[in-house]
Each structure stands twice: as structure tokens, then as C-alpha cells.
Amino acid sequence: MKKLLLAVAVSVAAGSASAATIYEGNGLTYKLNGDLQVQFRKEVGNDEHADIEFDDLELKNYISYDLGNDMTAFGRVDFGFKDAAEDKQDGSKLEEAYVGMSFGHTSVSFGKRGLASDEFGIEEAVELTLDEDRFDAMGTDGDDVIRLDVELENTYIVASYEMEAEGESSENGEYFDLFASTDIGALTLAAAYQNVTESIGADDFDTWGVSASYDAGFATLAADYSTTDDIADQYNVAAVFAAAATTDIAVGLVNVDPDNGDDVNEWYANVTYKFPTQKNVRLFAEIADSDEEGADMGYLAGMRVKF
Amino acid sequence: MRTSFKTYKYAVHLMKKTLINTVLTTTLLAATSAAAEVVVVPETGVEIMAVNGVAIESDSFFSNTARLELENGKHQVVVEYLAEIEDSADDFLLERSDTFVLLFEAKDVQLNIAAPQIDSHYDLKAFNRDPQWQLKTAAGQTVAYQVDTLEKEGFQLGRDYAEELQRFNQTAAKAALPSLTHATHSFATEVAPATAADIQSTDQKMAGEMLQFWYERADENTRDKFKSWIKTSH
């Protein structure tokens, strides 16, 4: 599911130095992407204090070989440093590491990476204290993943299987995920399914989700609903408005309704400014609040730089 | 040999002023022209890397009106598209299209350069295979163009577009503009000597600036030929 992207009309000046492709020759392509997001934040909640947070500090390496006949071999290794920046761990964290082959618009990959259900969701918050959707709550990445992606002109289909790897060092849950989305004019519809067994011998859970987003011109409006049997239901509604050529305003509401306990609402409103000459530099600010007992309003402001 | 667009425009400006009075600029007129009459505006995500063989640079970090002012006639621009490609539900990657050379002819118009919406790997792949650039006037009329990919093997950082275009324009590519390739002047061409009246009516300060400006931009070979011409002719 494509996140709500209301493209701000940025006129990009010439000569922007954001080239991600480092090397290209003899069928070999090496790309390096970076993502740095640092923000001043006070979380929504009880007795929270402001600090400088690192949401993303990532370096993403992508390499591919053109094998001819529309066939490509590829590999990706992503390192994240945000926990290291906040003194939660030393060094870097391996976030993704996989290899695969693509045949036209179909690819098969395996390794450590996101699951099919990672594509689901429409929420537009910079940060949330609640999970983004039920798939996010149950888990959307794995380290023994086999994944199939089919990307067509108006349709995107993903299937993934995370092996339980019993007895191996990577032993954890078993996940089977499906995701499909389609564009019909200005309307995008998506659906996802996940079956998860969180540990060997444990009960399995089914999660379903559907979403829709509509580009109404003046704004993009979207909603999603997801449910996990015997655990919780959740919905998101969000809207993104282009306040100016370089500025987007987003508002949204998240509701989580657990099978046991009271439901919780969290709302947010944020503004994002993209520099006219550099699409990859953004300033943002957000306020958010929750009806959870004792929770105080939260806020954040920060900057994101990508290349 | 990277020359900023500002420098290029300054050179054109100097020549325009001198045009009125000097035989020298009468010769140079063939290579340049009069006031800017074609305005080229890149739309969302479109980046113009070079124009008419000269790499260009942004003149303001905060400016959102990146635009080129060109003379009427045939022009060649190098463009790329910077796309936001979905990487997951809540993240995206910045990906560049291939580098393309567009050749078009325009007169007295504002010309907007746009690309179709590209937000998936599918879209980007399709665009690189069949680049559907949209060149339209402010009134919405489509302007015909020729397009080719400007390929560079090896490291992609710090590409020298001026040098790449120099080679590209010597090929038979559809979007090549051979007139931009550097020709050398032999100084053998007979030029009618200026009369005393010509010299008197010429802005000598401007003439000096012109001589100095172009001498600084001439390569060693051209300078040597110029010096020889001075020695033998004057």
C-alpha cells in the first residue's frame, strides 16, 4: 500500500547533489542511500520529558548485476545507527540483508527483510506511541524471510514466508503474509493477511486488513482497518493537504480496540516543509495526544535528510 | 572544463553590449544572439543538469523558481528525474532516473519540462526504457523534441556533463547538437580592418574587457594562435 503521498509541487533547481548511484558499468550498479532523521521530541504519555531522538540513521547499500534477458541479480544491506546514537547499544544494527533475482517485474528474494504486511498502512504520523496497525503490532520483519514481489502497472502483490528456523540461532516465530494493492484512477485499494505463530508450539493468530486512499486533488484522504483474532481491532483515518507549494499538512486519528480492556484513541497533526531546491531535505513539526488515562500532549520538531 | 551558467550569461551580456559598436562582436554574433526569449521551467522532480553543453548550478538554496532564460532557437538540455519510490508503507527511497538529453526548438515561449508521476520501481523502469518527457508551453501546446540517454560507465559521482556532451554531440545520436562541439579558430579568416571612425565609436573599456575575458577562457592552443596572429598582422 502506498503511503499517502500528496506530492508537493517543488520546483527542483539544477545541480542537486543527491546522486545515489555510485557506480554503473558493465552491468553492475552500486547505489548508496542515506536517511538521517533527528528530532526534538516529548512523547505523548504520562510524565514524559523532552529529548533529542534519532528516528532514522540509516545507510542502505544496494548492488545489482544485469544478467541479460531482463534478468537481474541483486543484494541489499542496510545498517541503522539510531540505537547506537541513543546509547542503547554499541555500533550499528543490521536492519536488512538479502539477495534475490528479478525477472521482468517479478522478484524473489531471501534473507533478513520486511514481510509482505510491512507494505500495509496509511497512517501519516511522524511518530506514534500506538502501533501503526495490527500488522505492525504482530511483527512485520524477519531474518529467515523468503519473499515474492510482483509489481505491475496498477497492481502490486507481495507474498512472504518467515521460517521458524527451529533449533537454529535465528529461531523465532513463523509468519505467512500476503499483500495486494491496486490503483483505480485516483483511488488506491489494498488488503493484507498474516498468519503468525510467535513461537514453536504456540497458538497461531490471523490478522486481516483493508485500506483505501483517495486523491481528491485538494487533499488525499485515507482510512485503514485491521484486526487480529482474539487480540484487537484497529483503524486509522488520515488526510494530507498541500498548504503551499512546498508544505504539506497532515492530520490523523488512530483507534485501538483490544478484546480485553478499553479502547485508546491517539490523534496527530503535523506539517512538513520540503526545501524547494532540495527534495531530500525536510523540516517537520507535530503535535499529538491520546485519551489514555494520565497522558499529556506530546510534540516534536526535527529535520530529515535523505540521499 | 565546467563553466557556470552565470558566467555563460555574463559572457552573452558582454557581447550584446559590444555588438552595437564593434566589428569584433559582429564576428561573435554568429555564436550567440540577442535577448532571452525562451524560458525553460522544470516542473516537480525534474532537474536540469546542463544546457547547450554547459553544466549549470543552482543560484539560490531557497529559490523555487529554477528557470533558464535562453535565446530563440534550437537548444539542448540534460535532465534527470528525482523520484520518491515507495520502500514500505511508511518509507521511501530517493531514486534518480537515467540521464537524458533533450533537443528542442522554441521561439518566444515559456517551456515547462515535466515527467509523468513516478512513485514505484515499475514506473521508474518504464520511464527509463521509454522516457515520456513532456515539453509544453504555458498555453499547453506540446513541443516536439528528440531524446537520448546520456550514459556514463564507471563512477557516477561528480559527472562532467560539459565533457560528456562534447563527446555526445560528435555522435549521430538523435538529440545531438553538433554545432555545440568546440571548433577552433584558425585566425586565417580575413577580417576587414577597422577604420579610425570605428575605433573612435567603440567603447574601449568594453573592448578591453572583452579581450581580457575571452583570452582568459581560451585554451593554450587558441592563445598561441592569437599571439601569432597579433605578431604577424599588427
Side-chain angles (χ1 to χ4, degrees), chain A residues 1-3 5 7-26 29-31 33 35 56 60 62 102 104-105 107 114 117-125 132-133 135-136 140 149 151-154 156 179 190 211 245-246 275-280 306-307, chain B residues 4-5 41-51 55-68 77-96 98-99 112 117-123 125-126 129 151-159 161:
Chain A
M1 169 64 190
K2 296 181 192 317
K3 188 171 171 110
L5 278 180
V8 292
V10 180
S11 178
V12 181
S16 303
S18 63
T21 303
I22 306 295
Y23 185 89
E24 199 163 21
N26 297 322
T29 300
Y30 170 55
K31 294 180 181 178
N33 290 95
D35 190 351
D56 271 316
K60 306 178 180 188
Y62 176 84
S102 70
H105 299 296
S107 67
S117 58
D118 193 30
E119 307 295 330
F120 182 86
I122 60 90
E123 62 82 23
E124 282 292 317
E132 294 167 8
D133 49 61
F135 298 101
D136 188 45
T140 57
D149 288 65
E151 192 169 17
L152 305 174
E153 188 169 2
N154 295 310
Y156 184 38
F179 172 82
S211 71
T246 54
F275 280 89
T277 53
Q278 297 289 351
K279 207 172 182 176
N280 33 7
K306 274 179 171 268
F307 64 84
Chain B
S4 77
F5 188 56
V41 180
E43 294 198 354
T44 305
V46 177
E47 298 189 8
I48 300 180
M49 323 304 288
V51 58
I56 59 176
E57 297 165 3
S58 171
D59 57 357
S60 167
F61 191 72
F62 292 95
S63 166
N64 63 353
T65 53
R67 48 198 275 146
L68 301 174
V77 294
V78 175
V79 288
E80 291 182 356
Y81 185 77
L82 184 61
E84 295 177 1
I85 304 293
E86 298 297 322
D87 195 35
S88 65
D90 57 0
D91 203 4
F92 65 94
L93 287 172
L94 287 172
E95 292 271 10
R96 282 182 178 278
D98 289 344
T99 305
N112 298 328
Q117 186 174 342
I118 297 174
D119 55 18
S120 70
H121 288 292
Y122 181 94
D123 294 342
K125 206 170 175 181
R129 281 184 178 167
E151 293 179 352
K152 187 199 175 217
E153 290 268 311
F155 285 98
Q156 303 294 310
L157 299 178
R159 287 180 67 164
Y161 292 108

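A, B, ... follow the sequence lines: proteins, then strands. Residue 1 opens every chain. Keep in mind the model is a prediction, meaning the values are calculated, not measured.
Among all heavy-atom pairs drawn from B/Gln156 and A/Thr21, the shortest one is CB-O, 3.2 Å. Here the closest heavy-atom approach between residue B/Phe155 and residue A/Tyr23 is recorded as N-CD1, 3.5 Å. Nearest heavy-atom pair, A/Gly121 versus B/Ala89, reported as atom, atom and distance to 0.1 Å: O-CB, 4.0 Å. Shortest non-hydrogen contact noted between A/Asn26 and B/Glu153 is N-OE1, 3.1 Å.
Contact of A/Glu153 with chain B is made through backbone and side chain together, with heavy-atom distances under 4.5 Å. Heavy-atom distances place the side chain of B/Lys125, and not its backbone, under 4.5 Å from chain A.
Separation of atoms CG (A/Asp35) and CZ (B/Phe92) is listed at 7.5 Å; rounding is to 0.5 Å.
Counting heavy atoms from C-beta outward, B/Glu151 and A/Glu24 have side chains that stay 4.5 Å or more apart. Here the side chains of B/Glu95 and A/Lys31 are in contact, with some heavy-atom distance below 4.5 Å.
Note: B/Tyr122 and A/His105 have tilted aromatic rings, judged against thresholds of 30 and 60 degrees for the angle between ring planes.
Listed by chain and residue number, A/Asn33, A/Glu58, A/Arg76, A/Asp78, B/Asp87, B/Asp91, B/Leu93 satisfy the side chain to side chain contact (heavy atoms under 4.5 Å, CB included) test with A/Lys60 (two or more places apart in sequence, or in another chain).
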